Every structure is written in C-alpha cells, then in structure tokens.
Amino acid sequence: MTVACNHVWYALALSALLTVSPACAQKAYGPGASDTEIKLGQSTPLSGPASAFGAGAGRAVVGYFEMLNERGGINGRKISFTQLDNAYSAPKAVEQSRKLVDDVGILAEVGTIGTVPNVAIQKYLNSKQVPQLFITAGGRRFNDPKTFPWTVPLYPDFETEGRVVAKYILKTKPDAKIGVLYQNDDYGKDYLKGLRAGLGEKASLIVAEASYELADPTIDSQIVQLKTAGIDTLIEQSSSKAAAQSIRKVHELNWNPLHIIGGSTASVETILKPAGLDASKGLVTTQFLKQPGDPAWVDDEEVKAYKEFLKKYAPSANPDDYSVLVAYMNVHAVTLALRKCGDQLTRDNLIHQATSLHGERLPMMLPGISISTKPDDYTPFKALRIATFNGTSWTLTGDPLSAE
C-alpha cells in the first residue's frame, strides 16, 4: 500500500503495515554533497619513487570524472574532484588527506594507490569517519571492518591470491617441490601466508624460500639459490622489475620449472615483452581483468571502449599500464556505489552501499569474475582466474578458482 506525501504522518503511525512512497523520502546530504555536486578527493604519487604508476593512474581518474560530468554526472550531480600529490610518502599522504577533509570538504577519499599511503591515512580517515573508499592496495589489513569500518578495499588481497595459487597447485601438481621468491614486505608476506594456508596439510611442499628488498638492484642470486634447492615449481610475488629479471634469469639458466608470477606483474606489454616473449612462454598467473595489450582481447568491445576513453580523456596515460587499468575499474566502482546512494548522499550510506555489493561486474573484468562485499567482510574478490602464457597472449585455464 502506498501513501501520498501529504499523509506521511499517517504512514508513520501505521509503519508496520504501510510502505512510504519513494517520492516522500527526504534527501539527505553529508559533507561534500548537495543537490548539484559531489566532492571527492584523492592523493596519489604524482612525484617521487612511485610516480611512474601514480601519474598515469591519476590522469585516468581525472579524465574519467571529466567524461562523467560531460554525460550529466551521477544522479544529476556533477563530480568536483580534487587530486593532490602525496609523493608516495606517509607524512605527505596524511597532510593531503587533512587538506581534502578540512579544506576541500570531501564526501570521501577514493582510489588511493599503494600500501604505504593507505596505511598512513587509515587511522586519520577512520577517526574522522570519512570513507577511504575502494583503495588500490592488496594488504589483508585493509579488510578489517571492526577496527577500520571506513576503509574499503577494491583489489584482490595478496592472501587471497596466494590461496588461489595453492588450490591450482594441489589440483594440477600435487607433488610439487615449491620454491618461493617474495618481496620482503606485506606485499610478499601476505601472499606467502595465503599460499601456506591454501596448501594446508601440504604446506611442506614448500622446500625453499628467498626474499628480496624492493631497493635491491637484482634478484639473480635468489633465482640461482632456488634452482640449486632442486625445486620444480617457482612461485613469486615480485615487483615489476624483479619479475622481469626473474623471467629472464630462469631462461638464461635453461631452467624449466612451473613458473607462477603475481597477477600485478602479468602485463604482456610492460613486463613480458621486456623480459622476452620466448622466455615468458609457459608462465602461469592469476587474473581478474582483461589485459589491453593482450592479442586475445584485441576485438573485445570493453577493451576498445577503454582505449578510446584514454585516447580522448587521458592521452598521456599508457593503456597497458596495469595501474591505469586498475584505476579505470576503481572509478567505475566508485560511480556504482554513488549511484546506489540515490539522494541519500551521506558518508554512512556510501559505506553501506559499498559494503553491500552482490555479484557486481565492472567493465574490463574477466568472464566469471565479479565483486561482492558484506558489512562483516569487505574483501571484494572471492575468486580469480588462472591463465597460462602461450608466447603471444594469456589463455584462461578452467573455471574461476575460489579462495574459500
């Protein structure tokens, strides 16, 4: 039964029986929102050691909101987007978040890149009850609704990735002798933790481990060390530079282990080509997004739309830059959550919508991949795809593998 607006008092009296018409619902606005505008902000490494990926992704985000505003914005409201440089520095990231909250008056900080900045601003934004929305960082610490309810990730956490790889190993090579190369920080350690958890009683299949520091000029000695250990399965969670080096070194050693690399280093254009396509043949990885530089997707409509968007709105951004691709997914997720808010544009409702997603698919996601979130579990990706490189492109293998 529907009650007209001038009889809302009657509906309230009979709330157990009646449903109030949506037309009667009052608009609600928090800081950074109005009838005409939604203020969003982001700090990103436009300078400093991570500027190579921060700048490209940053341009894509700015271009996306420009495009969105040309098309009428979100629910008739234009996006006022402020992007500040954090130089991938923890103190600078906190300083910029304070500016966005106190001076600009944003509704939410969105899509911040990297573990270091996000760890730095997490306590501050949560203390201010400002959404730290759909961050690009894979640390497990960012899925902690009880301690940090205002921090919502949008990236497969590295522990989940490790668990998926473990399932793949148990299914396809149950007697593997595994060696692990990992970056000596949360990026590598979370992955290793997930790998061990996924192997469970078979964690003893890991017979050798080698770590490296992000600043190390080369990882050649670690690769030699792992080969000497007699392993037949090399699993690594490495940075882009280290991954390219390991692929080349394994090839130079005429070594032929099953070689599994992290999903963030699987770009054909920026990692595999520099390492050598012949050297890369047979690599295995996890994936959740289509690779724009992969010939397998050359005629895909979503890939075409992605490239056309960048050409018009962010021409200096490299479409094969993984951080640009992830940023493109990220801003679509932000738009989705804001659309779901309707006229209830409060910080509370934005977090509610972002953590109540059910099987949502975003542009550029692989077939069978979607995101789901719950108020007590913010992890968006519950499954990933396995892909094998055939010397030219990645070939998807089997159905999505769940980490659960």
Side-chain angles (χ1 to χ4, degrees), residues 32 38-70 73-74 78-101 103-104 106-122 125 130-138 142 151-155 239-240 264 267 269-270 289 292-293 305-335 337-338 362-364:
I38 301 171
K39 292 183 180 180
L40 301 176
Q42 178 191 70
S43 77
T44 198
L46 302 175
S47 64
S51 61
F53 63 84
R59 286 191 294 270
V61 173
V62 170
Y64 177 84
F65 288 127
E66 179 185 343
M67 177 188 72
L68 200 61
N69 284 340
E70 288 180 3
I74 297 176
K78 298 295 179 72
I79 300 298
S80 175
F81 182 65
T82 302
Q83 187 178 77
L84 302 176
D85 180 19
N86 64 30
Y88 210 72
S89 158
K92 188 70 172 177
V94 174
E95 176 189 337
Q96 303 296 44
S97 288
R98 289 183 184 277
K99 286 182 181 178
L100 291 170
V101 174
D103 298 341
V104 179
I106 57 170
L107 176 68
E109 181 164 341
V110 300
T112 302
I113 295 174
T115 299
V116 171
N118 277 299
V119 169
I121 65 178
Q122 192 172 23
L125 291 177
V130 176
Q132 185 182 6
L133 188 63
F134 295 145
I135 64 174
T136 303
F142 298 117
T151 301
V152 184
L154 186 72
Y155 194 86
S239 63
S240 298
S264 62
S267 170
E269 289 292 322
T270 61
L289 294 173
Y306 166 73
K307 290 182 176 180
E308 288 169 4
F309 154 71
L310 289 178
K311 185 177 181 180
K312 181 175 180 180
Y313 291 97
S316 60
N318 179 3
D320 297 310
D321 183 333
Y322 192 71
S323 62
V324 174
L325 176 60
V326 172
Y328 182 77
M329 173 193 70
N330 190 291
V331 287
H332 276 90
V334 171
T335 302
L338 287 169
L362 301 173
M364 297 298 285

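Treat the numbers as computed from the prediction; the structure is a model and nothing was measured.
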> Would you call Glu308 and Lys311 a salt bridge, using N to O less than 4.0 angstrom?
Replying inline: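 Not counted as a salt bridge, because no side-chain N and carboxylate O are separated by less than 4.0 Å.
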Once you round to the nearest 0.5 Å, how far does [atom1] of [X] lie from [atom2] of [Y]?
X      : Y      : atom1 : atom2 : result
Ile113 : Ile135 : CD1   : CD1   : 11.5 Å
Phe134 : Met329 : CZ    : CE    : 9.5 Å
Leu125 : Ile106 : CG    : CD1   : 7.0 Å
Ser43  : Asn118 : OG    : CG    : 8.0 Å
Ile121 : Thr151 : CD1   : OG1   : 8.0 Å
Leu68  : Ile38  : CG    : CD1   : 9.0 Å

Closest approach of [X] to [Y] (non-hydrogen atoms, all atoms of both residues):
X      : Y      : answer
Tyr155 : Ser264 : OH-CB, 3.4 Å
Asn86  : Ala93  : CB-CA, 3.7 Å
Tyr306 : Asp321 : OH-O, 4.4 Å
Pro153 : Ala137 : CB-O, 4.5 Å
Gly56  : Ala317 : O-CB, 3.8 Å
Tyr88  : Thr115 : OH-N, 3.6 Å

Would the distance check show the side chain of [X] and the main-chain N or O of [Y] forming a donor-acceptor pair, the cut-off being under 3.5 Å?
X      : Y      : value
Asp320 : Gly293 : yes
Asn330 : Val326 : no
Asn69  : Ile79  : yes
Lys307 : Pro319 : no

Between [Y] and [X], do the side chains contain a donor N or O and an acceptor N or O under 3.5 Å apart?
X      : Y      : value
Gln83  : Gln42  : yes
Tyr322 : Ser240 : no
Asp85  : Ser47  : yes

> Parallel, tilted or perpendicular for Tyr64 and Tyr328, by the 30°/60° rule?
Replying inline: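 The arrangement is perpendicular - the two ring planes meet at more than 60°.
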So do [Y] and [X] actually touch side chain to side chain, heavy atoms under 4.5 Å?
X      : Y      : value
Leu40  : Ser80  : no
Gln132 : Ser97  : no
Glu95  : Arg98  : no
Thr136 : Ser323 : no

> Considering the options Arg59, Glu66, Glu70, which one meets the side chain to side chain donor-acceptor pair (under 3.5 Å) requirement together with Tyr313?
Replying inline: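 Looking at Arg59, Glu66, Glu70, the match for Tyr313 under the side chain to side chain donor-acceptor pair (under 3.5 Å) is Glu70.
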> Passes side chain to side chain contact (heavy atoms under 4.5 Å, CB included), Thr270 versus Asn318? Steps please.
Replying inline: CA-CA 10 Å; Thr270 61; Asn318 179 3; 4.1 Å; yes
>> For a side chain to side chain contact (heavy atoms under 4.5 Å, CB included) check, start with the C-alpha distance between Val130 and Leu100, then their side-chain angles and the critical distance, and finish with the verdict.
In response: CA-CA 10 Å; Val130 176; Leu100 291 170; over 6 Å; no
> Given Leu46 and Thr44, is the side chain to side chain contact (heavy atoms under 4.5 Å, CB included) satisfied, shown in steps?
Replying inline: CA-CA 6 Å; Leu46 302 175; Thr44 198; 3.4 Å; yes
